[in-house]
Amino acid sequence: MGLFSDFQRMYKANQKHLESEGRPSSFFGQIADIPNQMKEAADNTDIGLRMTRHLQLTNGEGLPAVAIVEGSWQVGTYANTSPVVRITARVEREDGYEPYVVTTDHVVAELNIRHLLPGARLGVMVDPLNPADYGIDWIRTSQLGPPPPGSIPGPGAPGASREI
C-alpha cells in the first residue's frame, strides 16, 4: 500500500464517521457546518468553565445551603460521558437568606441522577457573588438522608443490587 491509498482509506473512514454522527461528509458540507461546530465548541467551553467554578464552590469558596429539587431534565449535551442536567430547585441558605427558586445546568454523573427526583434534597454550596449559581456537594447530599421513594430500583429490577 502506498501513501495515497492510505490517505484515501483515512478519508473514507472519516466520511463514514461523519455520516454516522449525522454531519455533512462532503468538503463543502463540512465548510458550511463550521458555524455549528463553533457553537458546539463554545457550549463545551462554557460547560467546562461552569464545572471549574462549581468545583471551587464545593472546595470551600461557597456558602452551605440545601436545594430542594422541583424538577430536572437532561438538556442533550454531555461532558465526557456525563449528561448535562438542568435543575430547578428551591435554595434554602443556612445564613438566613430568604429561600429562592433557581434553574441551573450541572454535569451529573449517571450514578447521581437518582438524587434529582422532585422533592430530593441536595447539599449545595452557593456562590456568594452570584446566588443563582451553586455547586452540588455529593458527599453532603448523601448525608442528608435517603433518596426519595422510587429512585432506587426494587429487588429483581434492572440495576438493583443483588446479595451474593
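From a predicted model like this one, the values you see are computed outputs, not experimental measurements.
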TODO: Without swapping roles, check the side chain of N112 against the backbone of V108 for a donor-acceptor pair under 3.5 Å.
DONE: no

Is there side-chain contact between [X] and [Y], with at least one heavy-atom pair below 4.5 Å?
X	Y	result
M125	L63	no
E70	T88	yes
P128	L57	yes
R93	V126	yes
V124	D137	no

Open item on the list: How close do L18 and P24 get, counting heavy atoms only, and between which atoms?
Closed with: CD1-O, 3.6 Å

Task: Nearest heavy-atom neighbours spanning A132 and T104 - done: O-CG2, 3.0 Å

TODO: Indicate yes or no: does R53 engage D133 in a salt bridge with an N to O separation below 4.0 Å.
DONE: no

TODO: Considering only NZ, NE, NH1 and NH2 on the basic side and carboxylate oxygens on the acidic side, decide whether E19 and K12 come within less than 4.0 Å.
DONE: no

For the hydrophobic clusters of this structure (ILVMFWY residues joined by side-chain heavy atoms under 4.5 Å, transitively), does one cluster hold both [X] and [Y]?
X	Y	result
V102	V75	no
I136	V69	yes
W138	I87	yes

TODO: Give a yes or no on whether I31 atom CD1 has more than 12 heavy-atom contacts from other residues, nucleotides or ligands under 6.0 Å away.
DONE: yes

